[in-house]
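Chain letters run A, B, ... following the sequence lines, proteins first and then strands; every chain starts at 1. All heavy atoms count here, side chains included; hydrogens, waters and symmetry mates do not.
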Amino acid sequence: MSKPSIPQGTRDFSPAEVRKRQYIFNTLRPIFELYGFQPLETPSMENLITLTGKYGEEGDRLIFKILNNGLHEKKEEDKTKFRLEIDKVLSKSYSSPAVTERALRYDLTIPFARYVVMHQNELAFPFRRYQMQPVWRADRPQKGRYREFWQCDADVVGSTSLINEAELLCIYQSAFVQLQVPVVIKVNSRKLLAALSEICSMPDKMMDITIAMDKLDKIGWVGVANELKERGIADEGIWQIEKVINVTGNNDEKLAAYSDIMQHSTSGIEGINELSKTLAYYQELMGGNGPTASNIVVDISLARGLNYYTGVIVEVVCNHPDVKMGSIGGGGRYDDLTGLFGLKGLSGVGVSFGVDRIYDVIEELGMFPKQLAEGTQVMIVNFGGENETYALNILQRFRADGIAAEVYPDAAKFDKQMKYANKRGIAYVVLPGDEERQKAMVSLKNFTTGEQKLLSVAECIGSIKASN
RNA sequence: GAGGUUGUAGCUCAGUUGGUUAGAGCAUCAGAUUGUGGUUCUGAGGGUCGAGGGUUCGAGCCCCUUUAGCCUCCCCA
């Protein structure tokens, strides 16, 4: 028999890991609730047609498609059709409803848009929801990249106010402060990127320009310039882009310089106004707290892959020197996402937390709280016979008092039971033997100190509770 | 889709220019010790050396093919 394994890019989460992951979820959830977001869950699978064409060409390739079931039940003519279609699928990148009609969700935003359109009559707009569920991508796994990973999204749909953008920045800020992860929150606007392509007199090259610009961190300006050239941007355009990239200073200074350079571009001016207004709202929401805004940085080289963003875009990266990790969160404004499903004129904005990467970062920083690794607090040793009955009675009283307790289920050898408790990291062991039972008492052993006391059950419960 | 790298015990890994019956640590089980764990000591079990083929008197090691994981590019969280 071959060794068992799990699919590439997926992981098991052992008890300690689940606790750490829950710590992240349990940090985020109250923040979302505090900001008035409501919980939502959608199915793991969507109809393929819901997902295709929403994430760009590359995104379509990465959607996990589900093979239709019940193929063996089909009529002969359907089988023939299926064989023809599957030949096409095998010969090139192609999909067909005869072969696959459903797919695993690729992100949480598109299913959310689909949900909003389907339930538009029940919802009170602006509708704010948060969602914490796994998503799947058929990507090549590598460090910090999985095929199954969790996202936590917060979106507002049905409002164009920039207060929403500012609130989402507050959520990011608040979450990473609580998780003790040092971050830089980069903000930009698709409108500035559009303006940039206008300045180059190549408005149709916006995608090429943004893809190249996004690599500035990695390959530097010379590399970006080369890539721009390869992508067919004229020297005059590249010179203009360089001028923009070379702008330095704080956010206000950068935006002032951009408005100078982009004064003839309507979308440029719009984008700059939106960013400065968003930052002003943010300041107000943070109680005018200057220093907290310092890690929000206007960065014109920020691109973001998803092609439905239209306005402000945002990305979070950990800026601790020891941590090498891509973005751990991102989001932006999408003006007409629900339009794809037939509901026009509804604007949305949202952010996403990449839980798995955040986990890796916190682990690397050693910032998970120590006391997370707790489960059972007390184990009761099983001495068998009448003592077993006595043990069950004590067990029941512990639980009634809210103490997480378990009894060793077999009357196994004493040291085996002790070794088990030790390996589990259980804080206390209770010994109800003949002597204790006859006195209606128990011996309570503190497994950290090794100290042992003879107590009544009530005293024992009190002692354990006092230590919490 | 392109490139790099690694597959040897449950886990982490040694294994010499090719040479007898493939090793260690950890883990597991048993005993020292039937009411005292985390320390120690003794012993035991556990392997088609990723798979298939080739060279050779002889292959864990050399050659070819294949497969899986990890890492990088592309793209992304």
Participant: With a 4.0 Å cut-off on heavy atoms, is Gly56(A) in touch with a base, just the backbone sugar-phosphate, or nothing at all?
Facilitator: nothing

Participant: Considering only residues two or more places apart or on different chains, which pairs with a residue in residues 27-48 of chain A satisfy salt bridge (Lys or Arg N to Asp or Glu O under 4.0 Å)?
Facilitator: Glu46(A)-Arg114(A)

Participant: Just to verify, what does Val184(A) make a side chain to side chain contact (heavy atoms under 4.5 Å, CB included) with, not counting sequence neighbours?
Facilitator: Lys186(A), Val297(A), Val317(A), Asn319(A)

Participant: Given that Arg147(A) and Glu451(A) both sit by RNA chain B, which one's nearest nucleotide is further toward the 5' end?
Facilitator: Glu451(A)

Participant: Reading nucleotides 29-36 of chain B from the 5' end, what letters show protein touch, with B for base, S for backbone sugar-phosphate only, - for no heavy atom under 4.0 Å?
Facilitator: --S---BB

Participant: Looking across every strand, which nucleic acid part, if any, lies under 4.0 Å from Ile358(A) by heavy atom: base, sugar-phosphate, or nothing?
Facilitator: nothing

Participant: Has Arg129(A) got its NZ or CZ under 6.0 Å from the middle of the six-membered ring of Phe112(A), at an angle within 45 degrees of the ring axis?
Facilitator: yes

Participant: Using a heavy-atom cut-off of 4.0 Å across all strands, would you classify Gly144(A) as base, sugar-phosphate, or nothing?
Facilitator: base

Participant: To the nearest angstrom, how far is Ile313(A) atom CD1 from A77(B) atom C1'?
Facilitator: 15 Å

Participant: Classify Ser327(A) by what it touches in the nucleic acid, base, sugar-phosphate, or nothing, heavy-atom distance under 4.0 Å.
Facilitator: sugar-phosphate

Participant: What closest approach, in Å, do Phe383(A) and Ala411(A) show between heavy atoms, and which atom pair accounts for it?
Facilitator: C-CB, 4.3 Å

Participant: In terms of side-chain heavy atoms, does Tyr309(A) have a donor or acceptor partner in Asn188(A) at a distance below 3.5 Å?
Facilitator: no

Participant: Assign Thr449(A) to base, sugar-phosphate, or nothing according to its heavy-atom contacts below 4.0 angstrom with the strands shown.
Facilitator: nothing

Participant: Does Ile211(A) or Pro7(A) map to a spot on RNA chain B nearer the 5' end, using the closest nucleotide for each?
Facilitator: Pro7(A)

Participant: What does Tyr146(A) touch in the nucleic acid at a heavy-atom separation under 4.0 angstrom: a base, only the sugar-phosphate, or nothing?
Facilitator: base

Participant: Before we go on, tell me: are the rings of Tyr106(A) and Tyr55(A) under 6.0 Å apart, centre to centre?
Facilitator: yes

